[in-house]
Amino acid sequence: MELIRGLHNLNRSHRGSVLSIGNYDGVHRGHQALLSRLREHSAELGLPSTVLVFEPTPREYFAPADAPPRVLTLRDKLTALAAQGVQRVLIVRFDRRLAALSAEAFVREVIVEALGTRALVVGDDFRFGARRSGDFALLQNLGQSLGYRAEQLDTLHVSGCRCSSTALRGLLADARLDEAAELLGRPYAISGPVRHGLKLGRQLDMPTANLALRRPPPLPLGVYAVRVRLAGSETHWTGVASLGVRPTLGLKRCLLETHLFGQPGDIYGRLLSVEFQRYLRPELRFASLDALKTQMHLDAEDAKAGFATASRFPEEPAY
């Protein structure tokens with residue numbers, strides 16, 4: 001998949017595309033339906049499937065303190081889009097100029113002139129342009145004169161639930177991981193390079209692989225049973241992970257610390273994907289490191305017991 005950062009990095013070879021625009025936060029099953037239709041247009045027209053996303057998101061730009069947490073990091077979003085067969089992703093910086101651009105000017109300057117779009121696929125809640133004045137009717141009308149066709153897909157419902165990023169955040173916030181996985185079509189996961197930490201886990205007989213998180217995810221802080229995979233490897237490990245700020249140590253930065261039930265070797269700097277399987281307990285402050293150590297080992301036994309029970313039953317079909 002080709003990644004293009006900024007409109008200024010577009011060139012003549014990028015003109016002529018089949019396009020979808022949106023936050024694509026989660027790349028859930030509703031998004032996947034859009035991308036499936038995008039691939040169909042791409043195959044029919046012989047043009048690359050292209051997804052345009054904004055960084056930061058419009059809500060993060062206008063009200064950063066009130067913006068919802070992201071379901072996926074940008075890295076994980078790009079990985080999920082690539083897995084759906086998207087051929088190009090254009091990341092456009094959302095700034096003052098773009099925020100002030102009228103809906104019609106956005107269509108002419110970005111969709112038509114910059115990308116040479118021949119077909120456009122959007123969701124039924126898509127709005128664009130200054131003050132969100134642009135809608136699908138405008139896209140359709142302009143397409144007739146500017147040479148592209150526009151298609152709008154209705155929202156997908158899964159088990160009676162509207163498949164949206166908002167619904168997904170709500171499920172994750174309640175640690176309803178099985179239901180979130182149903183909307184996603186896969187277990188919820190966070191990935192990142194393994195960083196050096198304080199090495200406290202070693203002192204407590206539970207070494208951990210640490211991922212530093214730029215933004216807290218929409219999960220409750222606490223302890224989880226997890227499955228872990230290294231990039232480029234099909235081997236999975238089970239483990240127990242702590243998502244939080246480590247209140248016993250008086251720290252503030254959110255970390256994901258995972259103790260693996262296995263020996264993966266030296267994995268510092270390797271890209272690790274952590275799948276959340278089961279919520280065990282909330283984050284707690286302990287009176288001493290000895291009390292923390294005792295609880296960590298209890299958490300590990302709880303996670304192992306859950307995996308042992310699950311292994312007695314047939315695997316559920318993949319979504």
Side-chain angles (χ1 to χ4, degrees), residues 1-25 27 31-62 70 72 74-75 77-153 165:
M1 183 180 77
E2 181 182 9
L3 178 61
I4 308 164
R5 293 182 178 271
L7 293 169
H8 60 284
N9 283 319
L10 290 171
N11 56 50
R12 288 187 178 182
S13 70
H14 296 125
R15 284 187 53 80
S17 64
V18 173
L19 179 68
S20 185
I21 307 171
N23 288 330
Y24 275 94
D25 191 19
V27 193
H31 293 144
Q32 292 165 31
L34 282 170
L35 296 173
S36 176
R37 190 69 182 123
L38 190 72
R39 291 195 303 271
E40 291 175 5
H41 284 292
S42 173
E44 178 189 348
L45 296 174
L47 295 171
S49 56
T50 304
V51 170
L52 187 158
V53 298
F54 299 107
E55 282 289 328
T57 67
R59 292 184 69 178
E60 289 169 348
Y61 174 81
F62 287 113
R70 295 189 181 196
L72 296 183
L74 179 59
R75 180 202 303 274
K77 180 191 297 186
L78 295 174
T79 299
L81 289 171
Q84 290 297 314
V86 174
Q87 293 168 288
R88 287 178 182 162
V89 172
L90 170 62
I91 300 177
V92 174
R93 179 171 179 77
F94 196 89
D95 54 17
R96 181 182 300 180
R97 180 186 178 278
L98 195 64
L101 201 63
S102 72
E104 183 169 346
F106 179 82
V107 171
R108 293 182 180 276
E109 293 182 21
V110 178
I111 294 177
V112 177
E113 293 176 13
L115 290 167
T117 299
R118 295 277 306 281
L120 179 67
V121 183
V122 296
D124 58 7
D125 58 352
F126 180 65
R127 297 291 184 276
F128 64 100
R131 297 176 297 281
R132 291 171 52 86
S133 60
D135 58 12
F136 180 69
L138 179 63
L139 283 176
Q140 233 178 359
N141 291 336
L142 290 174
Q144 293 174 5
S145 59
L146 295 176
Y148 66 85
R149 64 194 188 204
E151 181 178 0
Q152 176 178 266
L153 265 65
S165 300

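We number each residue from 1, following the sequence as shown.
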Distance (rounded to the nearest 0.5 Å) between M1 CE and S49 OG: 9.5 Å

Rounded to the nearest 0.5 Å, what's the gap from CZ on R149 to CG on L120? Could you check? 11.0 Å

Nearest 0.5 Å, please: how far is CD in E104 from CG in L142? 5.0 Å

Separation between CG (L139) and CD (Q144), nearest 0.5 Å, reads 11.5 Å

Working to the nearest 0.5 angstrom, can you tell me the gap between E55 CD and L74 CG? 4.5 Å

Could you check whether any side-chain N or O of T79 sits under 3.5 Å from a backbone N or O of R75, counting only pairs where one atom can act as donor and the other as acceptor? yes

Would Q84 and H31 count as a side chain to side chain donor-acceptor pair (under 3.5 Å) if you check the C-alpha gap in whole Å, the side-chain angles of each, and the deciding distance to 0.1 Å? CA-CA 10 Å; Q84 290 297 314; H31 293 144; over 6 Å; no

Identify all side-chain donor-acceptor contacts of residues 88-96 below 3.5 Å with residues at least two apart in sequence or on another chain.
residue : atom : partner : partner atom : Å
R88     : NE   : E2      : OE1          : 3.2
R88     : NH2  : S13     : O            : 3.3
D95     : OD1  : R97     : N            : 3.3
D95     : OD1  : L98     : N            : 3.0

Can you check whether L38's main-chain N or O pairs, donor with acceptor, with H41's side chain at less than 3.5 Å? no

When you measure from the side chain of D135 to the backbone N and O of L138, does any donor-acceptor pair fall under 3.5 Å? yes

Side chains of residues 112-119: which donor-acceptor partners sit under 3.5 Å, not counting sequence neighbours?
residue : atom : partner : partner atom : Å
T117    : OG1  : I111    : O            : 2.7

Are any of the side-chain heavy atoms of L52 and V110 separated by less than 4.5 Å? yes

For residues Y24 and L72, determine if any side-chain heavy atom of one lies less than 4.5 Å from a side-chain heavy atom of the other. no

When you measure from the side chain of S165 to the backbone N and O of D25, does any donor-acceptor pair fall under 3.5 Å? yes

When every non-hydrogen atom of A103 is compared with those of F128, the smallest separation belongs to O-CE1, 3.3 Å

Just how far is it from atom CD of E44 to atom CZ of R39, taken to the nearest 0.5 Å? 15.0 Å

In terms of heavy-atom contacts, does CZ of R5 have more than 12 from other residues, nucleotides or ligands at under 6.0 Å? no

Is there a donor-acceptor pair closer than 3.5 Å between any side-chain N or O of S20 and the backbone N or O of V121? yes

Which residues satisfy the ring-ring contact (aromatic ring centres under 6.0 Å, His included) test with F136, sequence neighbours excluded? none

Any side-chain heavy-atom pair of L35 and V27 under 4.5 Å: yes

Around atom CZ of R59, are there more than 12 heavy atoms from other residues, nucleotides or ligands closer than 6.0 Å? no

